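So the structure is just underneath, and the comments pick up after that.
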Amino acid sequence: AAYDTLTVATEPTTWSPELAAAGALDEVVVQAAGGAADVSGGLQRIRPADLGRIPSPDVAGDLAVYLQTLPGVVTVGDRGGGLFVRGGTPSQNLVLVDGAPIFQPFHVVGFFSAFSEDMVGAADFYAGGFGARYTGRVSSVLDVTLREGSTERLQAAGTAGPFVVSAQGEGPLVRGTSSWIASARTSVVEPLADAIGQDVPLQFSDALVKVSTASAASRCSAMGLTTYDRGRLDADSDDAFEWRNLVVGGRCISAPSGLDGRIDVAASVSHLDSGIGPADDFLRGEGRERSSRLTEGRFSSELTRSLGRVRLRTGVRASLIVTAFRLGDGTSTREDGDFLLGGAAHTELDLTFGPLELTPGVALSLKPFDDAFVLEPRIRASLKPSGVRGPEISAAAGLYRQSLVGLIDERDAASPFIAWTGPPADFDAQKAVHLLAGVTTPLGAGVRVGAEAYARRIDGLPVPIWSARTQFTLIPTEARSTSYGADARVEVQRGPLYVYTAYAYAMTEYTSLRGPFLVRGGSPFDAYHPAHDRRHQIQTAVQLTLGEVEIGGRWQFGTGLPYTRPYGFDVVVPPFGLPEVTTSPGFPRVVFEQPFNGRLPAYHRLDLSAGTALAVGKADLDVRVGAVNTYNRDNVFYYDVFRGRRVNQLPLVPYVSARLRTR
């Protein structure tokens with residue numbers, strides 16, 4: 001393979017590549033510059049090659065594993081399927097796939113998401129400070145573009161390993177102009193564990209298909225994506241859960257003749273169905289104690305034009321969200337739902353003043369139920385005094401709003417269940433302020449470093465009141481989330497060696513705005529650090545290529561997450577339907593101290609892998625061996641206060657994975 005670099009400036013650029021020899025080209029790939037140390041105003045551009053640098057128990061990398069290496073991203077364990085970004089919660093993250101939202105794309109086993117390396121064309125991850133084109137969320141944005149299939153030849157691949165088996169195919173519909181690509185994966189964790197006498201009640205799967213067509217002035221695609229997760233986070237737990245996503249969408253990007261710009265139109269329908277309940281009944285399909293359903297229909301259109309040295313982006317978005325939930329505790333049930341009619345318009349300008357680039361913008365978003373619009377001004381800035389790959393100073397700031405609410409039980413951050421609804425009665429939308437600034441610079445010889453500091457505040461956060469009885473509740477109080485932190489990154493690329501190290505410091509605190517979260521014994525609890533408040537975090541990834549062998553390693557460290565220590569236990573006697581006091585005097589209850597007044601032990605883990613590719617006839621066989629948690633660290637997943645025991649994350653797990661793919 002041959003490589004060349006084209007630097008695109010603001011002036012028109014012509015590039016005429018010269019071929020070293022005549023013959024058929026395999027493919028031409030246009031790829032944006034990027035890297036783990038290149039963060040600009042909260043934006044991390046992710047390339048497919050980046051995903052394969054992080055050890056994963058599958059042959060291909062996954063977006064979930066890569067995101068967990070980024071500073072400011074916190075997970076509560078290797079199970080659960082949620083990302084907490086710079087103090088925000090999973091329900092405050094906007095995840096788009098080819099312009100369509102998906103609400104719970106991360107699988108219950110933390111190494112996997114709906115986006116494997118083989119299916120991702122590119123991804124933009126905003127840890128904060130995102131521009132006006134993204135509305136409806138107050139924490140972060142993950143904008144994923146799926147890869148298109150080959151328009152020239154048919155290709156297929158199959159993968160087998162101890163975590164997943166998968167199949168993938170792609171090829172032309174009309175040679176040279178249209179193509180298809182499809183993949184399907186299912187986990188084998190549960191059956192393999194059963195075969196060796198272990199109980200690992202976790203199952204997940206996903207399937208994706210995309211059809212694309214292109215002409216001289218346009219490119220259109222349609223895609224369908226489904227995911228399914230179910231099981232128990234703890235083999236001894238009485239509760240089981242499941243969730244499933246279904247996303248169908250289409251997108252067209254065109255550059256009409258005579259228009260110095262492009263038009264981007266997308267339409268989609270996204271559905272999420274989740275639930276949790278007693279394991280014996282739930283896994284037989286006999287009902288759920290708690291369930292939540294969410295469906296969103298969305299249409300968006302954006303026009304991008306060049307007006308001299310100014311680039312204009314303007315667009316509109318319309319959506320209808322329908323939510324329904326059912327909450328029960330064995331004695332009573334509550335059902336409710338909402339219709340949220342959403343809409344937004346945005347305008348952004350790309351302004352260039354020599355080495356300074358400014359992107360001011362404003363979003364005009366609809367307030368549900370009020371028939372009113374509110375302004376969300378935002379600005380992003382970048383200063384590159386020495387050119388594209390030289391030092392960069394960046395900053396971003398903005399106002400953000402979110403009407404859709406995802407309520408979680410703050411006492412149990414390990415639970416994947418989210419009750420989706422509209423703003424509770426007497427609540428306005430969540431409102432956030434983001435401020436961040438950073439710098440990246442090369443140090444020569446393939447070394448690049450970056451650092452960023454941020455502060456954010458989210459008002460109108462509905463937090464369930466801590467009731468004396470430990471049950472999921474939708475009775476909220478209004479809270480303010482305050483987060484600030486800083487991170488530093490170092491990336492080294494020298495020939496066959498790649499090294500990435502990141503450190504992050506963060507603080508998140510919830511403060512009540514409508515009275516205390518709970519009053520017990522005359523002591524009001526009006527502030528606490530939530531269960532995802534991780535103070536210090538270190539990530540290190542290494543990849544070394546020795547001939548045909550690729551060796552990789554990843555070490556993680558994180559200080560302990562908060563948890564609530566029990567104060568004691570008592571028995572509740574119900575006011576009606578008295579139990580048989582000789583056999584059951586009442587219902588046992590855990591009495592808590594102040595919320596999250598303890599810290600779990602520090603977390604650290606080493607993952608190692610080695611792989612190579614072998615020629616097998618007209619196919620390639622990729623083989624990878626490795627181990628998760630190589631030195632078998634006992635990391636805490638959560639502490640079960642009801643049984644007085646700790647539940648650990650994965651122990652040492654060696655693995656062998658293989659993929660056979662046609663050339």
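The structure presented is a predicted model; accordingly, all values stated were derived computationally and were not measured.
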Review point. Does the R380 side chain pair with the main chain of T359, one donor and one acceptor, at a distance under 3.5 Å?
Key: no
Review point. Between W243 and F241, how do the two ring planes meet: parallel, tilted or perpendicular, split at 30° and 60°?
Key: parallel
**Study point:** Which residues share a salt bridge (Lys or Arg N to Asp or Glu O under 4.0 Å) with E348, sequence neighbours left out
**Key:** R313
Exercise for review: Given side-chain hydrogen bond (donor to acceptor under 3.5 Å, both in side chains), test T186 with S205 step by step and report yes or no.
Suggested key: CA-CA 4 Å; T186 185; S205 62; 5.0 Å; no
Point to revise | Under 3.5 Å donor-acceptor, S113 side chain and P105 backbone | key: no
Revision key, fill the gap. The complete set of salt bridge (Lys or Arg N to Asp or Glu O under 4.0 Å) pairs with one or both residues in residues 119-145, sequence neighbours excluded, reads R45-D124, R133-E302
Check your understanding: Side-chain contact, heavy-atom cut-off 4.5 Å: I321 with L294?
Key -> yes
**Study point:** With H107 via ring-ring contact (aromatic ring centres under 6.0 Å, His included) - residues at least two apart
**Key:** F204
Exercise for review: Check the surroundings of atom OH in Y484: do more than 12 heavy atoms from other residues, nucleotides or ligands lie under 6.0 Å from it?
Suggested key: no
Exercise for review: Considering non-hydrogen atoms only, spot the tightest contact between A396 and G129 and give its length.
Suggested key: CB-O, 3.7 Å
Exercise for review: Evaluate the criterion side-chain hydrogen bond (donor to acceptor under 3.5 Å, both in side chains) for residue pair S140 and N93; output intermediate values, then yes/no.
Suggested key: CA-CA 5 Å; S140 73; N93 302 328; 2.8 Å; yes
Check your understanding: What is the minimum heavy-atom distance between V108 and D229, and which atoms define it?
Key -> N-OD2, 2.8 Å
Review point. Do the side chains of L208 and D206 get nearer than 4.5 Å, heavy atoms only?
Key: no
**Study point:** Which residues share a ring-ring contact (aromatic ring centres under 6.0 Å, His included) with Y228, sequence neighbours left out
**Key:** none
Study note, to complete from the structure: To the nearest 0.5 Å, atom CG of L96 lies from atom OG of S268 at 8.5 Å
Practice item. Work out which heavy atom in T323 is nearest to a heavy atom in G422; give both atom names and the distance. Key: OG1-N, 4.4 Å
Exercise for review: State, without any angle test, whether S319 and R317 hold a side-chain donor-acceptor pair at a distance under 3.5 Å.
Suggested key: yes
Point to revise | Set of side-chain contact (heavy atoms from CB on, under 4.5 Å) partners for D98, sequence neighbours left out | key: T145, L146, K210, S221, M223
Review point. Are L407 and P462 close enough that some pair of their side-chain heavy atoms sits under 4.5 Å apart?
Key: yes
Review point. Are side-chain heavy atoms of L43 and Y126 found at a separation under 4.5 Å?
Key: yes
Review point. Checking Q402 side chain against V138 main chain: does a donor-acceptor pair fall under 3.5 Å?
Key: yes
Exercise for review: If a pair satisfies salt bridge (Lys or Arg N to Asp or Glu O under 4.0 Å) and one of its residues is in residues 81-92, list it, with sequence neighbours excluded.
Suggested key: R86-E452, R86-D487
Exercise for review: Determine the minimum heavy-atom distance between A123 and L142, stating which atoms define it.
Suggested key: CB-CD1, 4.4 Å
Point to revise | Note, R378 side chain near H346 side chain (heavy atom, < 4.5 Å) | key: no
Practice item. Report yes or no: does R534 contribute a side-chain atom to a donor-acceptor pair with the main-chain N or O of T559 at less than 3.5 Å? Key: yes
Practice item. Output yes when a side-chain donor or acceptor of D50 lies under 3.5 Å from a complementary backbone atom of R47, and no otherwise. Key: yes
**Study point:** Which residues share a ring-ring contact (aromatic ring centres under 6.0 Å, His included) with Y454, sequence neighbours left out
**Key:** none
**Study point:** Working for side chain to side chain contact (heavy atoms under 4.5 Å, CB included), residues L340 and L320
**Key:** CA-CA 6 Å; L340 299 177; L320 174 62; over 6 Å; no
Exercise for review: Go through the steps to decide whether S139 and R456 satisfy the test side-chain hydrogen bond (donor to acceptor under 3.5 Å, both in side chains), and finish with yes or no.
Suggested key: CA-CA 9 Å; S139 181; R456 66 167 57 169; 3.0 Å; yes
Check your understanding: By side-chain contact (heavy atoms from CB on, under 4.5 Å), which residues pair with A266, not counting sequence neighbours?
Key -> R251, S300
Exercise for review: Could you tell me whether a side-chain N or O of E117 sits under 3.5 Å from a main-chain N or O of D62, the two making a donor and an acceptor?
Suggested key: no
Review point. Looking only at heavy atoms, what is the nearest atom pair of A363 and A132, with distance?
Key: CB-O, 3.8 Å
Point to revise | Residue pair S365 / E376, side-chain donor-acceptor N/O under 3.5 Å | key: yes
Point to revise | With V269 via side-chain contact (heavy atoms from CB on, under 4.5 Å) - residues at least two apart | key: T295
Review point. Is there a side chain to side chain contact (heavy atoms under 4.5 Å, CB included) between R326 and R293 once you walk through the steps?
Key: CA-CA 9 Å; R326 178 183 182 275; R293 293 181 178 86; over 6 Å; no
Point to revise | Check: W420 main-chain N/O paired with S292 side-chain donor or acceptor under 3.5 Å | key: yes
**Study point:** CG-NZ distance between L461 and K431, expressed to the nearest 0.5 angstrom
**Key:** 11.0 Å
Point to revise | Side-chain heavy-atom pair R401, Q430 within 4.5 angstrom cut-off | key: no
Could you list the donor-acceptor pairs under 3.5 angstrom formed between side-chain atoms of residues 67-75 and any protein atom two or more places apart in sequence or on another chain?
from	atom 1	to	atom 2	distance (Å)
Q68	NE2	A64	O	3.3
Q68	NE2	G110	O	2.8
T69	OG1	Y66	O	2.6

Study note, to complete from the structure: Output for pair (Q104 CD, D273 CG), nearest 0.5 Å, gives 10.5 Å
Check your understanding: With under 30° as parallel and over 60° as perpendicular, where do the rings of Y505 and H536 fit, or are they tilted in between?
Key -> tilted
Practice item. Quickly, which of V141, V144, V85 forms a side chain to side chain contact (heavy atoms under 4.5 Å, CB included) with F125? Name it, please. Key: V85
Check your understanding: Judged by atom type as modelled, is there a donor-acceptor pair below 3.5 Å linking the side chain of D533 to the main-chain atoms of T508?
Key -> yes
Review point. Does S394 reach the main-chain N or O of G41 with its side chain, forming a donor-acceptor pair under 3.5 Å?
Key: yes
Revision key, fill the gap. Rounding to 0.5 Å, atoms OH (Y400) and OG1 (T135) come to a distance of 11.5 Å
Practice item. State the CZ-OG1 distance between F106 and T227, to the nearest 0.5 angstrom. Key: 11.0 Å
Review point. Heavy atoms, side chains only, cut-off 4.5 Å: are R554 and V65 in contact?
Key: yes
Check your understanding: Within a strict 4.5 Å, meaning less than it, do heavy atoms of the E296 and L404 side chains meet?
Key -> no
Check your understanding: For I102 and L225, which heavy atoms make the closest approach, and how far apart are they?
Key -> CD1-CD2, 3.6 Å
Practice item. Kindly write out the residues that satisfy ring-ring contact (aromatic ring centres under 6.0 Å, His included) with F111, not counting sequence neighbours, or none if the list is empty. Key: F163
Check your understanding: How long is the span from the CD atom in Q537 to the CZ atom in F557, to the nearest 0.5 Å?
Key -> 10.0 Å
Check your understanding: Under the side-chain contact (heavy atoms from CB on, under 4.5 Å) test, which residues partner V265, sequence neighbours left out?
Key -> I263, F299, S301
